[in-house]
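For clarity, every value in this text was computed on a predicted model and none was experimentally measured. Just so we're on the same page: letters track the sequence lines, and every chain starts at 1.
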Protein chains: 2
Amino acid sequence: MSKATIKQVAAAADVSTATVSRVLNESGYVSDEVRERVMEAVDRLNYQPSAIARSLKQDKTFMIGVIVPDISNPYFMGISRGIEDVVGPEGFQLMFGSSDENPDKEERLLQLFQEKRVDAIVLATAGGNDGTVRRLADAGVPIVLVDRKLEEDDEGAGLDLVAEDNAEGAFRLASQLLEDGHVRIGVVNGPARASTGRERYDGVLQALRAHGVTTEPIVYNGEFSTEDGILAVRKFLAAEPRPTAVISLNNRMSLGVLLEIVRNGLRIPGDMAVASFGEVEAGSLLKEPGLYYIDQRPYEMGTRAGELLLRRIDAKGEALEPAVEIFRHEVNRLN
Amino acid sequence: MSKATIKQVAAAADVSTATVSRVLNESGYVSDEVRERVMEAVDRLNYQPSAIARSLKQDKTFMIGVIVPDISNPYFMGISRGIEDVVGPEGFQLMFGSSDENPDKEERLLQLFQEKRVDAIVLATAGGNDGTVRRLADAGVPIVLVDRKLEEDDEGAGLDLVAEDNAEGAFRLASQLLEDGHVRIGVVNGPARASTGRERYDGVLQALRAHGVTTEPIVYNGEFSTEDGILAVRKFLAAEPRPTAVISLNNRMSLGVLLEIVRNGLRIPGDMAVASFGEVEAGSLLKEPGLYYIDQRPYEMGTRAGELLLRRIDAKGEALEPAVEIFRHEVNRLN
DNA sequence: TCTGAGTGTGTAATCGATTACGTACTCGTT
DNA sequence: AACGAGTACGTAATCGATTACACACTCAGA
């Protein structure tokens with residue numbers, strides 16, 4: 001009862017495999033009578049063509065590998081949805097891998113995807129794999145970078161790139177706190193491997209300088225996890241003198257920041273002001289309004305990435321000049 | 001510079017393709033000298049074997065299809081992590097599909113996964129595809145149901161099943177509210193297609209009966225989305241008489257419930273008590289403690305599902321008697 | 001010396017599709 | 001009547017690996 005092959009269908013319908021293929025793909029000429037015989041055989045045998053065999057012959061898998069640092073982050077899920085909504089209608093299926101911010105795991109995924117012969121790769125890199133990425137690109141695998149740049153180069157380094165204006169966003173976010181009179185600011189930063197972390201932190205420093213603040217900010221370096229936000233707040237609360245505001249450079253960490261501040265019975269922004277790069281879905285559960293945040297547009301970034309993917313896949317390896325798309329944003333205040 | 005084949009490697013190392021294959025798979029005998037020549041050719045040509053070709057020959061893709069109703073729900077992400085942590089070390093890669101609670105989309109995914117010849121399928125069904133599921137199972141595709149049963153049958157219907165004791169959990173959850181003196185309770189229910197929705201709602205009804213409550217609960221039927229929680233609360237607040245407690249039968253909807261109650265300036269549980277089937281990650285952001293919830297154990301469910309998968313894959317189509325695993329839980333109170 | 005087990009390597013079939021090419025028939029045109 | 005275009009279908013090569021089988025050689029034990 002299992003897996004019928006095209007040969008069996010051909011035999012059952014008393015035609016050649018070529019004809020069966022023609023019927024199923026609606027290519028070439030087939031008489032109505034034969035078509036019907038084939039169709040009948042197809043669903044009598046419950047035949048499902050093997051995408052494996054097809055891919056081998058056609059050198060096309062209709063699969064797109066997506067590598068993100070944290071699959072449970074709504075931000076990356078948003079990007080994925082955007083990609084899928086664009087490439088899905090063209091017949092492509094996404095294949096996910098989460099690197100968990102771990103460059104080694106990311107490298108394994110890149111390798112795996114190449115072996116699986118995905119038609120293209122979307123990469124939000126955890127960093128540290130410039131060499132592997134370049135090898136793949138040289139081997140002709142279409143690659144679109146999202147959210148994060150490679151380490152070595154400041155531009156997409158010859159690859160398509162869809163990212164955000166991190167420095168500018170962080171600058172504005174920090175400026176808000178500064179204009180509210182905060183001077184001692186705790187910064188919850190991500191790993192230096194991630195270009196987003198580096199750029200956003202630079203933006204904060206620039207804002208401090210622009211506002212004539214010379215005291216060094218107190219910094220916590222984490223891995224973009226909720227737990228990191230919690231630990232950062234603990235560090236800040238124990239600091240002397242204690243900061244009056246926290247700026248968190250990633251949405252997951254922001255949630256941790258909020259949870260820990262609330263757990264300590266402090267009020268936001270009364271006792272501790274908070275600014276977040278990225279929205280916190282449940283932020284409105286807070287007692288009082290006043291949370292500053294930058295709302296990113298992951299879905300739009302995803303659709304744009306999807307378009308770039310299709311463009312590259314259509315180009316079939318021909319050299320295209322790399323597209324770079326930078327999303328800008330505004331600072332918002334909750335409620 | 002692109003895609004070298006095993007034939008090119010063989011030529012470069014001046015051996016047959018069989019020998020190259022033996023070197024790469026460490027099977028059969030190969031002399032040290034030849035092995036070295038081959039290895040050298042492999043990385044000089046930057047050769048990556050084609051998983052496509054291998055899969056065709058070996059009838060094994062090392063891919064496991066995972067179909068969930070909502071990929072952005074941390075609950076299903078937890079299950080997925082559990083699965084991955086068990087099957088990953090055995091060389092399997094997960095391939096995701098989100099049905100968005102849509103039976104048609106789910107059917108397309110089932111079909112797609114069969115064509116891609118995944119080695120097994122994990123299904124948290126949106127409902128309405130009993131026929132297709134059974135066809136796949138008959139065709140020899142190992143299938144493990146998680147979280148939700150098929151519609152027709154009360155047991156796994158001959159398939160492996162990892163689920164929760166929904167009726168019991170909902171019974172306890174509702175009982176808490178009842179014991180606190182609530183009589184008018186708003187129930188935020190999911191679609192009847194989902195077995196979880198049906199069973200949990202039954203549990204609530206049983207609790208009402210057991211506590212001698214005869215007034216009909218006021219019910220909102222949604223699709224397990226956050227938006228549904230919001231709409232449900234609007235309905236309840238407009239009802240006359242207004243319920244004093246809400247029980248939400250799914251974590252996503254619970255978040256919506258909390259958000260909308262807070263948005264209306266009401267206190268939890270003072271003005272409106274809330275009980276949730278499933279944890280709400282950011283629940284602790286609430287002003288006051290008092291949220292009842294059942295904490296599910298998606299990760300453990302995932303690992304169990306992973307084990308069942310491996311068992312079935314190892315069995316290679318031999319009939320195994322179906323395993324059914326039901327997780328039970330306790331009611332907790334936040335803070 | 002003969003035998004058989006253990007090594008080392010190549011030849012060719014195979015997996016399940018697609019597709020280039022060839023053949024044959026039917027018409028309408030000139 | 002000859003020709004070319006359009007229609008209908010089959011044969012066999014092909015994609016890139018794995019693997020059954022065959023062959024050849026080495027060496028230890030009888």
Side-chain angles (χ1 to χ4, degrees), chain A residues 2-39 41-42 45-63 91 112 114-119 139-140 316, chain B residues 2-39 41-42 45-63 91 112 114-119 139-140 316:
Chain A
S2 52
K3 45 198 163 194
T5 74
I6 198 175
K7 211 177 296 186
Q8 295 172 34
V9 173
D14 197 34
V15 296
S16 73
T17 61
T19 299
V20 176
S21 179
R22 276 190 281 257
V23 171
L24 266 46
N25 300 296
E26 307 186 11
S27 65
Y29 297 107
V30 180
S31 69
D32 289 349
E33 192 236 326
V34 165
R35 185 193 320 279
E36 217 156 300
R37 277 219 312 280
V38 170
M39 286 308 217
V42 161
L45 298 184
N46 192 13
Y47 168 69
Q48 305 286 135
S50 161
I52 299 293
R54 178 185 297 128
S55 291
L56 178 59
K57 180 68 169 113
Q58 300 189 329
D59 195 28
K60 198 140 199 299
T61 56
F62 284 101
M63 306 252 310
L112 178 76
Q114 193 186 7
E115 291 190 359
K116 297 268 188 204
R117 298 293 191 264
V118 295
D119 291 336
K316 288 176 182 288
Chain B
S2 52
K3 46 199 164 196
T5 74
I6 198 175
K7 212 176 293 185
Q8 294 171 36
V9 173
D14 197 33
V15 295
S16 73
T17 62
T19 299
V20 176
S21 178
R22 277 190 281 257
V23 170
L24 267 46
N25 299 297
E26 306 186 14
S27 65
Y29 296 109
V30 180
S31 68
D32 288 349
E33 191 237 324
V34 165
R35 186 193 318 281
E36 217 156 300
R37 278 219 312 279
V38 170
M39 286 308 215
V42 161
L45 297 184
N46 193 12
Y47 169 68
Q48 305 286 135
S50 162
I52 299 293
R54 178 185 298 128
S55 291
L56 179 59
K57 181 67 168 103
Q58 300 188 329
D59 196 28
K60 199 144 198 301
T61 56
F62 284 100
M63 305 253 311
L112 179 75
Q114 194 187 7
E115 291 190 358
K116 297 267 188 204
R117 298 294 192 261
V118 296
D119 291 335
K316 288 175 180 289

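A donor-acceptor pair is defined here as one N or O able to donate and one able to accept, closer than 3.5 Å; no such pair exists between the side chain of A:Arg35 and the backbone of A:Val23. B:Thr61 places a side-chain N or O within 3.5 Å of a backbone atom of B:Arg117 that can act as its donor or acceptor partner.
When each of B:Ser27 and A:Thr17 is assigned the nucleotide of DNA chain D bearing its nearest heavy atom, the one mapping closer to the 5' terminus is A:Thr17. Positionally, the nearest nucleotide of DNA chain C for B:Val15 lies more toward the 5' end than for the other of B:Arg117 and B:Val15.
The distance from atom OH of A:Tyr29 to atom C1' of D:dG10 is 17 Å, rounded to the nearest whole Å. Residue B:Arg22 contributes atom CZ, which lies 11 Å from atom C1' of C:dT11 at whole-angstrom precision. Between B:Glu33 atom CD and C:dT7 atom P there is a gap of 18 Å when expressed in whole angstrom units. Put simply, NZ on A:Lys116 is 14 Å from P on D:dA17, counting in whole angstrom units. Nucleotide D:dA8 holds its P atom 9 Å from the CZ atom of A:Arg35, rounded to whole Å. Atom pair B:Glu26:CD and C:dG8:P shows a separation of 15 Å (rounding to whole Å applied). We find that CG of A:Leu24 is positioned 16 Å from P of C:dG16, with the value rounded to whole Å. Remark: P of D:dG16 and CD of A:Gln114 are 14 Å apart, rounded to the nearest angstrom.
B:Leu56 is not listed as a side-chain neighbour of B:Ile52, based on a closest heavy-atom distance of 4.5 Å or more.
Checking the phosphate oxygens (OP1, OP2) of C:dA17, no side-chain nitrogen or oxygen of A:Ser21 falls inside 4.0 Å. Look at B:Thr19 and you'll find a side-chain N or O under 4.0 angstrom from OP1 or OP2 of C:dG10. In this model, the phosphate group of D:dC9 is approached by a side-chain N or O of A:Ser31 to a distance below 4.0 Å at OP1 or OP2. Within the 4.0 Å cut-off from OP1 or OP2 of D:dG16, not a single side-chain nitrogen or oxygen of B:Ser50 is found.
Other residues, nucleotides and ligands place more than 12 heavy atoms under 6.0 Å from the CD atom of B:Glu115.
Across D:dG10, C:dA17, C:dG10, the shortest atom-to-atom separation from the side chain of A:Ser16 is found for D:dG10. Of the listed nucleotides (D:dC9, C:dT9, C:dG10), D:dC9 has the atom at the smallest distance from the side chain of A:Val30.
Here B:Val34 lies in heavy-atom contact (under 4.0 Å) with sugar-phosphate atoms only.
Just one residue in the list A:Asp14, A:Val20, A:Thr19 forms a side chain to side chain contact (heavy atoms under 4.5 Å, CB included) with A:Ser16, and that residue is A:Thr19.
Shown for residues 51-61 of chain B: residues whose heavy atoms fall under 4.0 angstrom of DNA chain D, namely B:Ala53, B:Arg54, B:Leu56, B:Lys57, B:Gln58.
Taken to the nearest 0.5 Å, the OG atom of B:Ser55 stands 11.5 Å off from the NZ atom of B:Lys116. If you take CZ on B:Arg22 and OG1 on B:Thr17, they are separated by 9.0 Å, rounding to the nearest 0.5 Å.
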